[in-house]
Amino acid sequence: THSSTHDSPTLFSRLATMAHQFPALTAAQKKELSDIAQRIVANGKGILAADESVGTMGNRLQRIKVENTEENRRQFREILFTVDNSINQSIGGVILFHETLYQKDSQGKLFRNILKEKGIVVGIKLDQGAAPLAGTNKESTIQGLDGLSERCAQYKKEGVDFGKWRAVLRIADQCPSSLAIQENANALARYASICQQNGLVPIVEPEVIPDGDHDLEHCQYVTEKVLAAVYKALNDHHVYLEGTLLKPNMVTAGHACTKKYTPEQVAMATVTALHRTVPAAVPGICFLSGGMSEEDATLNLNAINLCPLPKPWKLSFSYGRALQASALAAWGGKAANKKATQEAFMKRALANCQAAKGQYVHTGSSGTASTQSLFTACYTY
Amino acid sequence: AATMPHSYPALSAEQKKELSDIALRIVAPGKGILAADESVGSMAKRLSQIGVENTEENRRLYRQVLFSADDRVKKCIGGVIFFHETLYQKDDNGVPFVRTIQDKGIVVGIKVDKGVVPLAGTDGETTTQGLDGLSERCAQYKKDGADFAKWRCVLKISERTPSALAILENANVLARYASICQQNGIVPIVEPEILPDGDHDLKRCQYVTEKILAAVYKALSDHHVYLEGTLLKPNMVTPGHACPIKYSPEEIAMATVTALRRTVPPAVPGITFLSGGQSEEEASLNLNAINRCPLPRPWALTFSYGRALQASALNAWRGQRDNAEAATEEFIKRAEVNGLAAQGKYEGSGEDGGAAAQSLYVANHAY
């Protein structure tokens with residue numbers, strides 16, 4: 001006799017039914033998460049993505065002919081983080097890599113405490129890299145769920161208040177496949193749920209990479225499908241949207257696309273895609289810069305904030321290269337260049353903060369009026 | 001099926017613009033919808049309550065009472081939903097009802113679903129039929145003056161419902177209907193009604209509403225529906241009829257707007273609530289509270305009321321031609337009140353109004 005035969009009708013009917021609501025978070029937990037998310041994107045602030053892994057930092061340092069040692073990585077981050085306190089007007093959060101969370105400045109003060117004292121929220125990269133999806137055209141999912149809850153709890157104790165997890169989708173023949181979309185959306189939702197259980201605001205990053213020769217319309221179509229799947233998964237996993245942030249790609253043509261688009265076209269396609277998929281409950285959308293130059297990333301963000309469509313979320317930045325490229329070049333690995341490095345970084349931070357309010361004036365442009373007129377009617381998107 | 005197809009645009013730019021313009025006209029500021037699409041069976045119930053025989057002529061006379069409202073309704077009624085029979089009826093002077101409504105600058109809509117059918121293997125749950133030949137019917141309705149349509153799905157809350165199947169199936173059928181409408185230049189009003197039957201509390205209704213709306217919008221995305229050319233007609237989030245706890249309009253508003261903010265993309269131009277079993281005044285007070293809710297609301301929040309616009313009119317009419325004018329006045333009165341409520345400007349029938357009510361909103365993170 002099987003006790004399961006007694007259980008299975010109940011099991012099946014439970015599976016077939018709407019579970020009673022089992023609240024994932026208390027009101028106090030929700031408030032904490034919501035407050036953190038709002039602090040990060042308040043008043044045009046954005047995020048410095050300084051969470052380059054060791055390998056990725058290697059790429060950056062190689063370009064300025066600096067050796068990829070822990071000390072060099074520490075020195076560069078120290079220069080960025082010890083910039084004048086007024087940085088807290090444009091930077092609301094910094095994402096750190098695990099190693100950096102435990103590094104200190106030359107006086108022995110922990111970086112994370114330096115940032116917190118400036119009123120900046122500290123975040124941590126939580127994913128553990130890509131894993132291939134067999135049976136697809138070289139598509140991948142992201143690992144990092146194992147032991148994630150314990151890692152989050154520990155990071156929270158150490159002063160971290162938000163996490164980041166990057167899923168990657170690509171546009172190519174048969175890509176992104178339904179499997180890739182569904183699997184990455186699901187992994188993002190699991191990660192987000194676990195973060196929130198541990199008091200961390202999850203930044204949800206479903207990046208559709210710009211590799212390829214597809215045009216703007218195709219990127220928009222794919223971005224809409226991906227984001228719809230992401231928000232369905234977040235809902236299925238009972239994630240509290242008010243305590244999350246989204247880090248999407250802007251909608252752009254592929255790198256190899258021969259057609260060129262203006263910032264206004266990028267902005268209209270981007271905001272159209274977002275307003276068809278991202279619920280208003282999400283407090284902020286912080287774009288990744290992908291391969292964009294510093295200036296393009298700022299111009300596009302500005303155009304996005306001037307786009308005449310309804311935009312109920314903050315539209316800000318979470319930039320890595322687009323905040324650090326000039327600073328890295330100015331540094332060149334030499335301590336003597338500290339001031340120039342900090343100036344370069346501060347300049348981009350301020351520019352992007354203005355762009356996040358639609359107030360960036362690029363020297364040479366005639367300001368918002370001329371930009372406004374470049375928006376074509378939204379119904380064509 | 002395992003791949004992402006290249007996009008095959010469902011609609012041209014012109015088709016999208018037409019749909020979007022229609023939707024925006026219906027939910028222009030201060031305007032909502034008169035749901036006058038009661039089926040013959042539903043009209044039987046309404047008319048028997050006032051002792052009137054359910055004949056085609058009586059139904060025609062009754063709709064005439066509503067449609068003969070003067071220009072005062074122009075500023076508060078953006079659309080009227082018709083039942084099939086009514087679309088082809090005329091007033092006493094031989095003027096088609098469709099023309100009377102259009103001449104007031106009001107958009108004409110048509111109910112296109114064909115009622116609920118059971119889902120075998122569930123606890124009394126249903127889906128809605130009407131997809132067969134729907135494209136041809138829509139094309140004809142468009143020629144006959146209709147610019148929007150309505151399709152009602154029904155879900156209920158109990159210990160074991162709504163089931164995953166009921167949610168999935170109703171969301172899918174709504175998305176098919178919406179897609180077909182748009183192909184024919186008709187704006188689909190998407191109505192996933194969760195009945196207020198039961199003793200569940202406000203929180204449970206909110207939870208269920210969020211799950212259903214998430215499924216609806218995923219289905220609409222999967223079916224390539226152009227959201228800017230649709231409207232949503234949901235229930236407000238309320239406790240079940242048999243729930244012993246009473247909630248204020250502000251609590252209902254907060255729960256409702258929270259649920260919508262978590263599920264309805266900003267691209268949707270308007271949300272036109274159904275009134276369900278609410279009284280006329282309740283439906284107005286709740287809509288007003290919704291429009292005063294301190295959470296950011298990127299869509300128009302207005303009404304698509306049947307009973308909550310017509311109860312007093314029906315009662316004043318009682319089938320007598322002599323009462324027609326007084327009955328029409330009752331309708332105009334409710335239309336104007338709801339037009340104000342859709343802007344958060346209704347001061348209520350004697351209560352102390354806005355300032356006191358604002359403080360009754362519980363901080364949104366509690367929802």
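Chain identifiers are assigned alphabetically (A, B, ...) following the order of the sequence lines, protein sequences preceding nucleic acid strands; residue numbering begins at 1 within each chain.
Here the CG-OG1 distance, from B/Leu227 to A/Thr272, works out to 11.5 Å after rounding to the nearest 0.5 Å. Atom NE2 of A/His238 is separated from atom CD of B/Glu210 by 11.0 Å, given to the nearest 0.5 angstrom. The line from CZ of B/Arg261 to CH2 of A/Trp313 is 11.5 Å long, rounded to the nearest 0.5 Å. Atoms CG and CZ, from A/Asn235 and B/Arg262 in turn, are 9.5 Å apart once rounded to the nearest 0.5 Å. To the nearest 0.5 Å, atoms CZ (A/Phe22) and OH (B/Tyr207) are separated by 8.0 Å.
At a 4.5 Å heavy-atom cutoff, A/Asn137 makes no contact with chain B through either its backbone or its side chain. With a threshold of 4.5 angstrom between heavy atoms, B/Ala215 approaches chain A through its backbone and through its side chain. Using a 4.5 Å cut-off between heavy atoms, A/Ala229 contacts chain B through both its backbone and its side chain. Within the 4.5 angstrom heavy-atom criterion, no atom of B/Asp123 approaches chain A.
You'll find the side chain of A/Lys225 reaches within 4.5 Å of the side chain of B/Ser221, heavy atoms only. Inter-residue side-chain proximity for B/Thr258 and A/Glu242 is flagged as met; some heavy-atom pair is nearer than 4.5 Å.
Annotation: A/Asn43, atom CG; neighbour count of heavy atoms from other residues, nucleotides and ligands within 6.0 Å does not exceed 12.
Contact count against chain A (heavy-atom pairs under 4.5 Å) is highest for B/Pro298 among B/Ala166, B/Pro298, B/Gly229.
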